[in-house]
Amino acid sequence: MPTTIPTLCQHCGSACENDIYHAGELHFCCHGCKAVYQLFQESGNASYYKDRTLTLDDEKYSFLSRPDLAARYINFRSEFVNQVTFFLPAVHCSSCLYVLENLPRIHEGVIRLTLDFPLKKAGIYYDPQLISLVQLASLLDSIGYPPAFDRVEETPRDNSLLLKLGIAAFCFGNIMLLSFPSYLGMEQADMDQFGIFFQILMLLLSLPVVFYAGRDYFVTAFRSLSSGSIHIDVPIAIGILALFGRSCYEIFYHAGEGYLDSLSGLLFFLLLGKWFQNKAYRHLSFDRDYTSYFPLAVQRILANGEAITIGLGEIKEGHLLRIRNNEVIPADAKLVSEHAALDYSFVTGEDRLVSQVKDDLLYAGGRQTGPSILVSVVRPCSQSYLTQLWDNPAFTEEKDSSTTLLIRKISRYFTTVVLAIAIAAAVYWQLYQPDRMWEIVSAILIVACPCALALSSPFTNGNTLRWLGKSHFYLRNADMAENLGNIDTIVFDKTGTLTTSREGQLLYTGPPLTSVQEQWILSATCHSTHPVSRKITQSLAHKHMALDTEEFKEYPGDGLEAIVGGHTLRIGGAKWLLGRSGNEGRTFIEVDGEVAGYFQWESRLRDQMDMTLHHLSKHYELIILSGDNDRDRGWLEKLLPDNTAMFFNMSPFDKLTTIRKLQMNGKRVMMLGDGLNDAGALQQSEVGVAVTEDIGQFTPASDGIIDGESLQKLAAFMAYARHGRMIIKSSFLLSFIYNVLGIGLAISGMLTPVAAAILMPVSSISVVAFATVMGNYSAKKIQ
Amino acid sequence: MSVLFILILVSMSVAGGFLGLFIWAVLNGQFDDTQSPSWRALFESGKCTNISEDTDNPITLTPEDKN
């Protein structure tokens with residue numbers, strides 16, 4: 001047994017088990033690590049190795065030390081082994097799988113980690129004596145996979161469709177094999193002895209198909225009839241019953257071979273379509289309410305100065321809370337500290353930081369930027385201004401998006417027409433050749449079964465869902481893919497949707513600054529952590545080098561003073577520097593007592609967004625709703641298409657009402673937004689899409705989630721969705737042709753089992769192939 | 001030719017056995033995650049778990065060790 005301390009690789013940090021490579025005094029576990037290290041050194045990236053530590057104590061996760069909060073995630077508890085499930089949204093590739101499943105190598109307290117990749121959930125067995133839950137979460141955070149705790153509990157996976165599909169496939173294959181002899185002339189070959197045997201086997205095989213795999217169709221058909229509408233499953237159910245009934249009759253009375261092969265084939269293809277359509281992005285959550293945005297627990301300061309962690313539901317009026325940098329204020333509260341700088345962009349859409357002073361009322365949902373503040377709660381979380389939005393009827397009524405589907409519209413007419421034809425044929429044949437009447441009627445009901453019809457939507461919509469998902473536009477389900485093609489009005493939120501905090505520029509207005517002056521400004525602002533100072537620093541840092549400052553003093557919320565190279569600089573807001581109010585958002589510069597000019601941050605549209613909006617305006621009416629004030633109207637109007645309506649100062653309720661008014665005028669609306677202030681509008685619109693920079697971040701409840709980078713391709717996505725509707729309509733047409741052919745054969749009494757067995761798969765396969773090929777073709781054309 | 005009766009019944013049972021295995025696999029959750037097992041097969045065999053009793057050679061990283 002080796003007794004020496006294992007040598008650790010300088011680059012990757014794991015133990016050098018197999019071999020030790022040297023470079024000077026340093027050790028590496030393999031040639032690759034050594035090569036990368038040398039590469040980094042030579043190219044000046046050695047700072048990669050500075051400050052690289054695994055932290056085990058992150059304050060963010062301190063709430064996990066509370067047993068009642070931690071119990072939500074711990075599935076199993078014992079003295080030496082606990083099991084916990086964490087959701088890790090940062091997982092995205094096979095290397096993530098590798099790193100995470102090798103976590104036991106990094107800390108001996110971790111026993112085993114198993115990652116469910118599609119769900120991005122890690123099941124971790126750990127030893128609570130060696131590592132605590134807080135340390136485990138911190139460890140995961142420090143290697144780049146911070147656990148997220150805001151997920152709503154998902155429904156457990158339902159495997160029944162896969163089982164039904166498997167059983168249907170098994171029975172279909174075997175029944176087809178058993179039917180072949182009768183197609184190929186079993187009587188002539190003197191194999192008649194097997195006829196009954198095969199038929200009984202086929203009947204037995206078809207029982208699980210009809211009564212288990214086909215059960216859903218009967219249930220839906222019954223429900224839809226009892227509620228007065230005619231769902232497409234009604235003719236399907238009629239078809240299945242006709243097939244099964246007719247086959248049983250033929251087998252028991254030796255009147256024929258039966259149609260069990262067509263029956264099992266029909267159900268197999270229908271279930272295949274359902275399975276294809278059922279693709280869902282299970283690692284994303286499309287159902288999030290305001291509780292997911294707020295933290296699970298906050299720090300409360302007691303009267304004696306002690307700090308404890310309390311859960312969100314325990315916050316009461318009068319509590320004193322500490323809100324740290326980048327944390328969200330969980331309830332309407334009064335500011336106790338001197339200053340605060342709040343980011344309300346998620347809540348009201350306002351772009352700029354709001355500067356607050358002591359005794360100001362702060363609203364729940366605002367995010368603190370800067371040093372920690374103390375606040376005194378005024379109203380509990382559930383009664384805050386923001387959460388009242390969720391009492392709106394838009395959230396209590398179930399959004400039913402399936403009424404506009406094409407298949408719904410067709411199913412009503414289809415069933416009535418088929419029944420009419422069947423009755424007419426029954427009358428005709430009853431008069432001319434009564435003994436063939438039931439044969440003809442059942443043949444009509446069999447062949448009119450809309451197998452191909454029922455396959456066109458699932459395959460087209462499923463295709464759309466997958467193609468869009470590849471471009472990082474994730475829809476909730478396949479029905480949404482069709483609804484997307486039905487839209488005629490698009491509404492955008494401004495802050496965070498059309499604009500992003502990353503894009504933007506710092507504009508300087510005033511007499512031009514000399515290079516030296518810019519250097520002084522940089523030297524002063526680089527010491528300050530105020531967001532405006534940081535932006536100034538960022539924009540100047542690549543041009544100049546900061547000099548030493550002889551003196552530096554910051555007045556939080558107002559400005560800063562510094563002496564650089566003998567010159568006095570004062571940088572700050574209008575109220576502090578100039579003594580006059582107004583002109584908020586401008587940061588003035590004073591050098592040696594003389595006011596030089598001011599900096600102003602101007603947000604900009606996302607890359608290429610103006611072109612996208614121009615393309616979109618050709619097919620859709622565009623509207624912009626913003627919670628911000630209208631100072632951006634000027635440059636927006638120049639960039640956007642002429643007939644784009646813009647409304648500013650909209651509250652979350654206003655946005656919802658605007659959408660409702662549009663819908664009452666008969667418009668079908670798609671809403672794109674990113675924050676809680678869009679939640680009502682997203683819920684009310686036909687298709688609500690949440691825009692996000694980072695899929696792991698919070699997004700409000702929506703029907704689709706789109707990555708901010710992919711937003712510029714929106715025109716292409718909408719075009720693809722429109723094509724999808726056209727493809728569905730043309731495949732309906734194709735399946736109608738088959739139906740007409742089949743009904744023609746049936747009416748004239750020429751529909752033999754062989755003919756039905758051929759017609760069914762041929763029509764289904766050709767419609768599916770058509771939908772898939774057209775879908776791929778149209779995707780290529782657009783991308 | 002009447003042996004076909006037996007042949008068909010036997011092959012049906014064998015196929016039925018496979019169907020049963022499929023059903024068991026689905027209910028056992030083996031079809032839940034179809035992406036990661038293919039990657040997992042490519043990992044080099046090594047310590048993926050700390051269950052073993054061998055504690056003489058712990059592979060632990062602490063910040064102080066790493067320089």
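Small disclaimer: the values here were computed from a predicted structure and weren't measured. Numbers restart at 1 for each chain; the letters A, B, ... are given by sequence-line order, proteins then strands.
Contact check for B/Asp33 versus A/Leu115: no side-chain heavy atoms found under the 4.5 Å cut-off. Within the 4.5 Å cutoff, the side chain of A/Leu178 has heavy atoms near those of the B/Met12 side chain. Here the side chains of B/Gln35 and A/Leu97 are not in contact, with every heavy-atom distance at 4.5 Å or above. Using a 4.5 Å cut-off on side-chain heavy atoms (C-beta onward), B/Asp32 and A/Leu119 make no contact.
Residue A/Leu162 holds its CG atom at 4.5 Å from CZ of B/Phe22, rounded to the nearest 0.5 Å. One finds the OG atom of B/Ser36 at 16.0 Å from the OH atom of A/Tyr98 (value rounded to the nearest 0.5 Å).
Only the side chain of B/Phe31 comes within contact range of chain A, with heavy atoms under 4.5 Å apart. Contacts of B/Ile8 with chain A are made by side-chain atoms alone, with heavy-atom separations under 4.5 Å and no backbone atom involved. With a threshold of 4.5 angstrom between heavy atoms, A/Leu177 does not approach chain B through any atom at all. In this structure, the portion of B/Leu19 lying under 4.5 Å from any heavy atom of chain A is its side chain and not its backbone. Heavy-atom distances place no part of A/Cys171 under 4.5 Å from chain B, backbone and side chain included. Looking at A/Phe198, the atoms closer than 4.5 Å to chain B (heavy atoms on both sides) all sit in the side chain, from C-beta outward. When heavy atoms are compared at a cutoff of 4.5 Å, A/Phe170 approaches chain B solely by way of its side chain, counted from C-beta outward.
Contacts with chain A were tallied for B/Ala15, B/Gly29, B/Ser11; B/Ala15 has the most, counting heavy-atom pairs under 4.5 Å.
Around CG of A/Leu207, the count of heavy atoms belonging to other residues, nucleotides or ligands within 6.0 Å exceeds 12. Crowding of A/Phe197 atom CZ: a count of heavy atoms from other residues, nucleotides or ligands under 6.0 Å exceeding 12. A 6.0 Å sphere centred on OH of A/Tyr125 holds no more than 12 heavy atoms belonging to other residues, nucleotides or ligands.
A/Phe117 and B/Trp39 have perpendicular rings, their planes meeting at more than 60° on a 0 to 90° scale where under 30° would count as parallel.
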